[in-house]
Protein chains: 2
Amino acid sequence: MENQNISDIIESYLKQILAESQQVEIRRAEIADQFNVVPSQINYVIKTRFTIQDGYVVQSKRGGGGYIRIEKVKLLDNLDFIDSLVTAVGNHITRHDGLAVVRSLFEAGAVNRREVNIILAAIDKDAINTGDRDLDQQIRARVLISILNHLRYES
Amino acid sequence: MENQNISDIIESYLKQILAESQQVEIRRAEIADQFNVVPSQINYVIKTRFTIQDGYVVQSKRGGGGYIRIEKVKLLDNLDFIDSLVTAVGNHITRHDGLAVVRSLFEAGAVNRREVNIILAAIDKDAINTGDRDLDQQIRARVLISILNHLRYES
DNA sequence: ATAATATTAGTCAACATTAGTCAAGAAAGC
DNA sequence: GCTTTCTTGACTAATGTTGACTAATATTAT
């Protein structure tokens with residue numbers, strides 16, 4: 001209680017609002033000012049405490065009228081499964097192994113056949129082909145993980 | 001919501017009219033005056049929010065009796081539509097324009113909401129992020145086109 | 001008809017206003 | 001001590017706003 005750092009306090013503040021209203025929309029500079037921290041600390045708080053694993057989706061816009069919006073989403077009950085696939089994908093993944101991941105998704109009923117084809121198109125060798133094989137594997141991993149993360153919740 | 005910028009407000013105003021009447025015809029100076037902005041801001045709003053990828057066609061005329069006309073284009077739900085999107089994507093595409101393309105797909109009924117989210121995850125900034133902006137745009141374009149091409153067969 | 005003038009919209013670059021990234025240093029835990 | 005987490009600020013990027021200048025079209029005068 002007494003020993004909370006300022007990041008924890010900001011986290012609590014935001015989650016208190018989220019306990020009642022599904023989403024919060026803030027102006028970064030305003031909150032930073034309110035808690036007397038530099039603006040980038042708000043990014044830190046969001047990055048460490050409002051992740052998709054925690055059930056939050058964050059959107060933002062810069063420029064005049066800019067904002068950061070945090071939305072609480074309903075997580076599905078396939079979280080452990082998705083986690084295991086994310087771990088399996090890691091930082092690099094070959095097309096062959098990527099295919100296996102997508103097949104697992106399908107067999108688990110997490111995606112249907114149409115969705116499988118969209119995902120396969122996204123990680124296809126014609127789609128991701130920079131000429132640098134290692135880089136391709138990194139990009140493929142990130143694309144897959146991004147998709148996996150979106151399968152964690154209903155939207 | 002509270003702090004919308006004026007461009008968003010003008011966009012909403014125009015789209016509200018378009019929701020009912022297929023096209024709007026405005027006099028630039030008049031709208032600028034109505035919203036208390038400089039005339040060129042109307043061009044900015046149109047250029048950023050009423051693109052062909054968003055499904056709008058804009059025509060204008062200068063001189064006495066001049067106007068700007070925005071028309072909501074009816075999307076063809078055949079292969080020509082996907083062709084036109086592939087052309088619109090080209091070799092490079094920004095996230096912003098990519099979003100518009102996916103939105104068009106959705107509005108045309110080519111994909112459902114779940115599929116939209118998968119595609120958006122695939123071209124997200126967290127997914128495609130090599131550190132080289134130009135390369136990212138190339139990869140994003142290829143991923144999108146790969147997906148578009150697969151949608152030809154499926155649908 | 002042609003030229004001059006008036007009336008519109010378009011372009012572009014400077015500036016303003018937001019948020020994001022990253023790395024260094026400080027603080028807290030172990 | 002060592003490691004992890006937190007805090008800070010300099011720098012970057014995205015988006016929005018403004019106004020000076022340009023271009024196209026219509027109207028009026030000659």
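Residue numbering restarts at 1 for every chain, and letters A, B, ... go by the order of the sequence lines.
By the 4.5 Å heavy-atom criterion applied to side chains, L135(B) and L135(A) are counted as neighbours. In this structure the side chain of R152(B) never reaches within 4.5 angstrom of the side chain of L148(B), judged on heavy atoms. Contact of the L14(A) side chain with the I10(A) side chain is registered, since non-hydrogen atoms from C-beta on lie closer than 4.5 Å.
We find that E11(B) and R49(B) are joined by a salt bridge, their nearest charged nitrogen and carboxylate oxygen being less than 4.0 Å apart. For the pair K72(B) and E107(B), the salt-bridge criterion is met [side-chain N within less than 4.0 Å of a carboxylate O].
A chain of hydrophobic side-chain contacts below 4.5 Å, direct or via other Ile, Leu, Val, Met, Phe, Trp or Tyr residues, connects I9(A) to I70(A).
When the C1' atom of dT7(C) is taken as reference, atom OH of Y67(B) falls 15 Å away, rounded to whole Å. Rounded to whole Å, the distance from CG on N5(B) to C1' on dT18(C) is 10 Å. Nucleotide dG10(C) holds its P atom 13 Å from the CZ atom of R69(B), rounded to whole Å. As rounded to whole Å, 13 Å separates atom C1' of dA19(C) from atom CD1 of I70(A). In this structure, the CD1 atom of I68(A) is 9 Å from the C1' atom of dG20(C), given to the nearest Å. Atom-to-atom, CD of Q4(B) to P of dT17(C) comes out at 19 Å; the value is rounded to the nearest Å. At whole-Å resolution of the value, CG in D8(A) and C1' in dA27(C) are 13 Å apart.
The distance from atom CG of N117(B) to atom CD of E115(A), rounded to the nearest 0.5 Å, is 10.0 Å.
Within residues 39-49 of chain A, the residues that have a heavy atom under 4.0 Å from DNA chain C are, in order of number, S40(A), N43(A).
Side-chain N/O atoms of R62(A) include none lying less than 4.0 angstrom from OP1 or OP2 on dG20(C).
Nucleotides of DNA chain C nearest to V58(B) and N129(B) differ in position, and the one nearer the 5' end is that of V58(B). Nearer to the 5' terminus of DNA chain D, by closest-nucleotide assignment, is the contact made by R133(B) (compared with the other of R133(B) and G63(B)).
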Using a 3.5 Å cut-off and no angle test, enumerate the donor-acceptor pairs between side-chain atoms of residues 50-66 of chain A and protein atoms at least two apart in sequence or in another chain.
from, atom 1, to, atom 2, distance (Å)
T51(A), OG1, Q53(A), N, 3.3
T51(A), OG1, Q53(A), OE1, 3.4
T51(A), OG1, D54(A), N, 3.3
T51(A), OG1, D54(A), OD2, 3.0
D54(A), OD2, T51(A), N, 3.4
K61(A), NZ, D8(B), OD2, 3.1

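Chain B approaches DNA chain D over the interval dA13(D) to dA26(D), counting the first and last nucleotide 5' to 3' with an atom under 4.0 Å from its heavy atoms.
S21(B) places no side-chain N or O within donor-acceptor distance of the main-chain N or O of L18(B), the cut-off being under 3.5 Å.
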